[in-house]
Amino acid sequence: MSPKITLLSLLLLVTLSLPISFGSHIHNSHKSPKHENFGLMRRSYRTSKAPSNSDQATISVDDYGAKASGNDDSEAFLKAWKEACSSGSTLVVPEDKVYHLKPVKFSGPCQPNTALMLYGTIMAWSDMSAYEDDRNFWIQFVGIKNFKVDGAGKGIIDGNGKIWWQHSCKINPDQPCKDAPTAVTFSQCTNLIVQNLKFQNPQQMHMNFDQSSNVRASSLIVQAPGNSPNTDGIHVTATQNMFISNSIIGTGDDCISIVSGSRNVRATDITCGPGHGISIGSLGADDSEAEVSNVEVNRATLIGTMNGVRIKTWQGGSGYARDIKFMNIQMRNVSNPIIIDQNYCDKGKPCQQQGSAVQLSDVVYQNIRGTSASEVAIKFDCSQTKPCTDIYVEDVYLKTQGHGGAVASCDNVRFVNRGNLVPQCS
């Protein structure tokens, strides 16, 4: 007699058989999308439980001397990490405690399936002098494969950034412009999962995924005041095959920024605001070469942001940004809902006109709707030297938040309009 096959078994078999494809998704995709009812996007944020595998050993930072008493717990964390990494165990940061750390680097290689379960809070050391050896980093995870960081919906990483913001030249022009630490950096990591965590008040960027591959970041809350300088939420640098999903991001800079060397990046079900929007770039600074390709932003809501979906490049750069798709996006009182800026200049004085630029091509804007806080709802400010080519606009409807009609400003752009487009390029 054949064994019975349960419904659960069938579902598991079907799920496991579904492939994940990172191939190009721009070409042959210019069909009118099905309209979605955005309204108020409600999403359920499900938190994962701690690993339940009885074979997975756990190591608590408390067992290695962490006190959560307001003193520096860095040494205890590093000792506990060394043991967890060498044994492939789960490092546990206990609940209802606040641990203070100076700059720390958690390095690999580690045994497979090393994990970090963060139930409590990690707070950055407040004395800026502790960062003088390298002002770019606070917490680093470097060279780790098959690694998971999980907050179980409780864990918090707090950059304690207010003191840094007060010393920023963007806030106080009398201060010299100096680097400030990125709160958490994942560098040269492969098969990485970061989920169910809250990141708040970083010294500068919240987190940077650098030179990594096969990354999943999901169910994150990223939070800093709208006037905090350079506090990008999720920064993606030279990273391939990255999925960002089901996250709420509010910052003083870009909610998500994707820069050179990155490809096959997907961001899905993102709520952004306050902040500067979701950006490709900036690219080509200091006459550098940039390469970004195969990026998709799908199902996002942007609320009160400075920009909506933006591509920004400096004059004088080279290389390309191509195969980019923004689809199913709701704008609510966004100052620049759709913007390409190939004359980006983040300096105190005007940037000098130059003859080269990063080439922008194969960009799709599909089913984007909502309200603009400014008159110019669509701005394509492309390069005279390297005009934007193969820009596809499909079913875009944007109106001003107040009275008066929205307008589009389109310079040096070759675009194809399919479906409704409001406002139209003049």
Side-chain angles (χ1 to χ4, degrees), residues 20 36 38 40-48 116-118 121-122 139 141 147-159 182-186 189 192-202 205-210 212 214-226 228 231-237 239 241-259 262 264-280 295-310 325-332 334:
I20 297 176
E36 297 188 9
F38 284 97
L40 180 62
M41 280 192 172
R42 300 185 184 273
R43 307 184 186 97
S44 60
Y45 289 82
R46 298 177 182 176
T47 59
S48 296
L116 170 62
M117 285 300 306
L118 177 59
T121 297
I122 297 176
I139 297 174
F141 296 95
F147 179 47
K148 179 166 76 170
V149 181
D150 195 327
K154 302 175 183 178
I156 298 173
I157 296 179
D158 191 327
T182 294
V184 181
T185 300
F186 297 94
C189 293
L192 170 67
I193 296 173
V194 181
Q195 61 186 16
N196 307 318
L197 272 167
K198 182 176 183 179
F199 295 81
Q200 64 186 30
N201 302 326
M205 292 183 182
H206 286 81
M207 65 194 100
N208 180 20
F209 295 89
D210 173 52
S212 296
N214 300 338
V215 179
R216 292 180 181 271
S218 64
S219 299
L220 304 178
I221 297 175
V222 181
Q223 195 169 61
S228 55
T231 53
D232 294 56
I234 298 176
H235 190 64
V236 184
T237 308
T239 290
N241 301 347
M242 176 154 191
F243 289 88
I244 307 165
S245 65
N246 205 39
S247 295
I248 300 172
I249 307 171
T251 73
D253 210 297
D254 295 327
C255 290
I256 297 173
S257 49
I258 302 166
V259 299
S262 299
N264 304 339
V265 180
R266 309 280 179 89
T268 305
D269 294 322
I270 305 297
T271 299
C272 169
H276 294 182
I278 298 174
S279 293
I280 312 296
V295 176
E296 180 180 288
V297 178
N298 186 12
R299 299 197 303 271
T301 300
L302 295 103
I303 305 169
T305 52
M306 182 181 294
N307 304 290
V309 290
R310 174 170 62 160
K325 193 169 187 178
F326 302 107
M327 58 190 296
N328 304 320
I329 295 173
Q330 176 76 9
M331 306 285 183
R332 299 181 189 167
V334 172

> Is a side-chain donor or acceptor of N307 paired with a backbone partner of H276 at a separation under 3.5 angstrom?
Replying inline: yes
>> Please evaluate residues V259 and H235 with respect to the criterion side chain to side chain contact (heavy atoms under 4.5 Å, CB included), reporting the C-alpha separation (whole Å), side-chain torsions for both, the decisive distance (0.1 Å), and the verdict.
In response: CA-CA 8 Å; V259 299; H235 190 64; 3.6 Å; yes
> Which heavy atom in I278 sits nearest to a heavy atom in A300, and how many Å separate them?
Replying inline: CD1-CB, 4.3 Å
>> Determine whether I280 and F326 satisfy the following criterion, side chain to side chain contact (heavy atoms under 4.5 Å, CB included), listing intermediate values before the conclusion.
In response: CA-CA 11 Å; I280 312 296; F326 302 107; 4.1 Å; yes
> C255 and G273: which non-hydrogen atoms are nearest, and at how many Å?
Replying inline: SG-N, 3.9 Å
>> Contact between H206 and Q223 at the side-chain level, heavy atoms closer than 4.5 Å - yes or no?
In response: no
>> Just so I know, are the side chains of F186 and V215 near enough to count as touching, which here means a heavy-atom distance under 4.5 Å?
In response: no
>> Using the side chain to side chain donor-acceptor pair (under 3.5 Å) definition, which of the options N241, T239, N214 pairs with N264?
In response: N241
> Taking atom CG of D232 and atom CE of M205, what is their separation to the nearest 0.5 Å?
Replying inline: 4.5 Å
>> Using the side-chain hydrogen bond (donor to acceptor under 3.5 Å, both in side chains) criterion, which residues pair with Q200? Sequence neighbours excluded.
In response: D158, K198
>> For the OG atom of S245 and the CG atom of N298, what is their distance to the nearest 0.5 Å?
In response: 11.5 Å
> Going through the checks in order, is the side-chain hydrogen bond (donor to acceptor under 3.5 Å, both in side chains) test met by D269 and N246?
Replying inline: CA-CA 5 Å; D269 294 322; N246 205 39; over 6 Å; no
> In Å and rounded to the nearest 0.5 Å, what is the CD1 to CD1 distance from I244 to I256?
Replying inline: 4.5 Å
> What heavy-atom pair brings A224 and P274 nearest, and what distance separates the two atoms?
Replying inline: O-CG, 4.5 Å
> Any side-chain donor paired with an acceptor under 3.5 Å for S279 and D254?
Replying inline: yes
> Taking atom CZ of F141 and atom SG of C189, what is their separation to the nearest 0.5 Å?
Replying inline: 8.5 Å
> Any side-chain heavy atom of M207 sitting closer than 4.5 Å to one from L220?
Replying inline: yes
>> Do I234 and F209 make a side-chain contact, defined as non-hydrogen atoms from C-beta onward lying under 4.5 Å apart?
In response: yes
> Partners of T121 by side-chain hydrogen bond (donor to acceptor under 3.5 Å, both in side chains), sequence neighbours excluded?
Replying inline: none
>> With a 4.5 Å cut-off on side-chain heavy atoms, are L302 and I329 touching?
In response: yes
>> Once side-chain hydrogen bond (donor to acceptor under 3.5 Å, both in side chains) is applied, do any residues pair with S228, and if so which ones, sequence neighbours excluded?
In response: T231
> In Å, rounded to the nearest 0.5 Å, how long is the span from CD of Q330 to OG1 of T301?
Replying inline: 6.0 Å
> How many angstroms lie between SG in C272 and CE in M331, if you round to the nearest 0.5 Å?
Replying inline: 9.5 Å
> Between N201 and P225, is any pair of side-chain heavy atoms under 4.5 Å apart?
Replying inline: yes
> Do N208 and T182 pass the side-chain hydrogen bond (donor to acceptor under 3.5 Å, both in side chains) test, and can you show the C-alpha distance, the side-chain angles, and the key distance before you say yes or no?
Replying inline: CA-CA 7 Å; N208 180 20; T182 294; 5.4 Å; no
> If we only count heavy atoms from C-beta on, is the I303 to T271 side-chain gap below 4.5 Å?
Replying inline: yes
